Amino acid sequence: MSLLPQQLAAVIRGGITAAQAAGELPAFALPPLRIDRPKRPEMGDYASAAALQINKQVGKPPLEVAKIIAARLPTSELIDSVEVVPPGFINIRLSEAWLRMQVEHLIAAGDRAFQSSDAAGRTAQVEYVSANPTGPLSVHRIRGGVLGDTVANLLEVIGYTVTREYYFNDAGQQMNKLGESVRARYLEILGQDAAFPEGGYKGLYIRMIAATIYAFKGDSLRDASGDQFRQIAATAIIERIKLSMRRVNIRHNLFFNESSLYSENAVWDTVQALRDRGYAYDQDGAVWFKSSALGDEKDRVIVKRTGDPTYRLPDMAYHKNKLDRGFDLVVDVFGADHAATAPQVLLGVRALGYDPSTVRTIIHQMVELVEGGESRRMSTRRGDFVELDELIDDVGADAVRFFMLAQSPNTAMNFDVDLARSQGDENPVYRIQSAHVRCAGIMRKAAEKGLDDEGADLNHLGAEELKFLRKIIEIPEMIERAISDMSPQAAAFFALDLAGAFHPLYDRVRVLSDQEGIPLEIQKARLRFYRACKVVFKRLLSLMGMSAPEVMERREDSGKNKAEAETVEE
RNA sequence: GCCCCUGUAGCUCAGAGGAUAGAGCGACGGUCUUCUAAACCGCAGGUCAGAGGUUCGAAUCCUCUCAGGGGCACCA
């Protein structure tokens, strides 16, 4: 089923073609017709500016054109009435009967509410987090994780089969440094002098890994290579990263090993493919990607004089691999620190002969934690970064999910730790979850009193409930738009908005308790309505990877458990 | 120097070429004590950084200027 605005646009188009057939409008090719949602309620639920779009071709004033179209509109079960207003808008009011019916549809759909099959049969791959396993997951990285995971959720709602993927960077210089760093700490434990590698990793976790190795293996790795230490360390760290991600409901279907690109020759095949297509050449002992031919400011090295690839080459080979797997859509989530590579990867995709529009990227800006009006800055290399686990301990997983989502990826994030930690209504997380809790409370109370809403007559719903339903039915449009614009934050803002509309409604539209007593039929209809609301809030929360609590339950004083913060060495 | 992102209410931020630019927090004023996650109602608050341009119509698209952030390796 297509989206509501599309259905309404079809109705408008029907009016125009009918008027053309009747000779009231000249024949011409119609532009795509947009349906807007007016800001003010008296302008109706939806509006078409079609008359303003086409009045030039018609050669009549837009108001007159609008009147002609409106008079020729085909009947639709969606529409209650239309109104033509200057300068030529056609305002549409939705059918209330149709709106009431949505309550039953929502309840019937339950956890699959808003599930569509628009993209059924299509496959998508979403790559996110992909942090090098050189240390614990940082707060900055998880922003991309939350954005990517939410995009994946949204894609599934419209019918995509989604592969959630982590590009596991288990090769390369940084990983070698990791191995050498652990080796040096291990030898320290054995009482040997070991040169700590330049630019090595100095966090406490390196010592802990070394100590664990010693605990299990004693001094048997005395003569082991850095490579062996690298493998042990990478495994330990990736497991820890997985645990951290799981705490915020992030799971991947596939950890793609960078090393497989080498073992399967994909990297060198990619170089050859570029050569074959005339996009690679040798110069100064290196192999260059002729990206300037595709608009880049200069060509880029893909194989160093040493014979080692630069980071670009495996990135391109990885994308070649993704596209060869036949995905209809590939989504990359990068942090601002990698922003420069994204366009180059896309050039690579083009150079290799793939359609670059298959690949969408989300590039998010940095995260800054703000606490007590001061920022806690972070840098992975120095080691004074804030770990995700520390933040989760502090503010809770749901708050991390929500706050990381609820900002446009393009803006540098100020993560308000004090607000995220607070347990009152000023915290948007509580605001949204409490809407669900309140619905659940009504259900519980009604069940205790034996009130049954099965077969309720929804004609007893009032104007406020209908207004709320009008908001709910925007959700499919919101999802569609979040995907087409790659703006998953829309889900967070929508949920907050909906909760904001819910609480006043809850206050006025009572089901059970009221001094004057509420007639049974109205109680039933309202209970039915709140049952649908509960479905909606639960669904929105799960889309955002958040929990939907049934009862009020304040977190224990999480407080500031920072005793175990890592000491930093320089 | 070049590239990317940002500049909208006191603060944090939404905003889709359409009608009188929105939310939350904070401020101010008033109800209420709950189907218990203390709420509800009202009010104030704006040169959409600035200047040009495109358009019937611009916070939104284009150009320039100013300010802030990030990035510019044969590092990843």
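What you see is a predicted model, and the numbers here were worked out from it, not measured in a lab. A note on names: the letters A, B, ... follow the listed sequences, proteins ahead of strands, and every chain is numbered from 1.
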Peer 1: Does B/C72 have a Watson-Crick or wobble partner in any strand here, with both distances under 3.5 angstrom, and which is it?
Peer 2: B/G1
Peer 1: Which part of the nucleic acid, if any, lies within reach of A/Ala340 when heavy atoms closer than 4.0 Å are counted: base, sugar-phosphate only, or nothing?
Peer 2: sugar-phosphate
Peer 1: In whole Å, what separates the P atom of B/G17 from that of B/G46?
Peer 2: 27 Å
Peer 1: Would you say the side chain of A/Tyr166 lies within less than 4.5 Å of the side chain of A/Tyr128, judging by non-hydrogen atoms?
Peer 2: no
Peer 1: Could you pick out which residue, A/Tyr530 or A/Arg300, lies toward the 5' side of RNA chain B when each is mapped onto its nearest nucleotide?
Peer 2: A/Tyr530
Peer 1: Please classify the nucleic acid contact of A/Pro428 as base, sugar-phosphate, or nothing, using heavy-atom distances under 4.0 Å.
Peer 2: nothing
Peer 1: Using atom C1' in both nucleotides, what's the gap between B/G69 and B/C62 to the nearest angstrom?
Peer 2: 24 Å
Peer 1: Write down the distance separating the P atoms in B/U60 and B/U54, rounded off to the nearest Å.
Peer 2: 15 Å
Peer 1: Between A/Thr411 and B/A14, is there a contact of a side-chain N or O with OP1 or OP2 at under 4.0 Å?
Peer 2: yes
Peer 1: Judged by each residue's nearest nucleotide on RNA chain B, which is more toward the 5′ side, A/Val301 or A/Val511?
Peer 2: A/Val511
Peer 1: Is B/G10 paired to anything, Watson-Crick or G-U wobble with both distances less than 3.5 Å, and if yes, which nucleotide?
Peer 2: B/C25
Peer 1: Identify whether any heavy atom of A/Arg34 sits under 4.0 Å from a base atom; if not, whether one sits that close to sugar-phosphate; answer base, sugar-phosphate or nothing.
Peer 2: sugar-phosphate
Peer 1: A/Arg481 side chain: which of B/A76, B/A16, B/C13 is closest?
Peer 2: B/A16
Peer 1: Indicate, with a heavy-atom threshold strictly under 4.0 Å, whether A/His503 touches base, sugar-phosphate, or nothing.
Peer 2: sugar-phosphate
Peer 1: Please work out if A/Val85 contacts a base, only the sugar-phosphate, or nothing of the nucleic acid, heavy-atom cut-off 4.0 Å.
Peer 2: base
Peer 1: Which one is paired to B/A39, where only Watson-Crick or G-U wobble pairs with both distances under 3.5 angstrom count?
Peer 2: B/U31
Peer 1: May I have all residue pairs that pass side-chain hydrogen bond (donor to acceptor under 3.5 Å, both in side chains) and include part of residues 472-482 of chain A, sequence neighbours excluded?
Peer 2: A/Arg37-A/Glu474, A/Arg37-A/Glu477, A/Tyr46-A/Glu477, A/Arg481-A/Asp485
Peer 1: Any base atoms under 4.0 Å from A/Asn176, or only sugar-phosphate, or nothing? Heavy atoms, all strands.
Peer 2: nothing
Peer 1: Look at all strands and tell whether A/Pro314 reaches a base, only sugar-phosphate, or nothing, counting heavy atoms closer than 4.0 Å.
Peer 2: nothing
Peer 1: If you measure from the P atom in B/C2 to the same atom in B/G24, how many Å do you get, rounded?
Peer 2: 43 Å
Peer 1: Taking the same atom, P, in B/U8 and in B/A14, what whole-Å distance lies between them?
Peer 2: 11 Å
Peer 1: Check the geometry between A/Phe89 and B/A19 and answer yes if their rings are stacked (centres below 5.5 Å, planes below 30°), otherwise no.
Peer 2: yes
Peer 1: Examine A/Lys524 relative to A/Phe529 and say whether NZ or CZ is less than 6.0 Å from the centre of the six-membered ring and inside a 45° cone about the ring axis.
Peer 2: no
Peer 1: Rounding to the closest angstrom, what is the interatomic distance between B/G45 and B/A51 at atom P?
Peer 2: 23 Å
Peer 1: Taking only the P atom of each, what is the distance from B/A58 to B/C72 in whole angstrom?
Peer 2: 40 Å
Peer 1: Can you see if the side chain of A/Asn410 gets near the phosphate of B/U6 - specifically, an N or O under 4.0 Å from OP1 or OP2?
Peer 2: yes
Peer 1: Between B/U36 and B/A49, how many Å separate the two C1' atoms, rounded to a whole number?
Peer 2: 47 Å
Peer 1: Name the pairing partner of B/A49, where a pair is Watson-Crick or G-U wobble with both distances under 3.5 Å, or state none.
Peer 2: B/U65
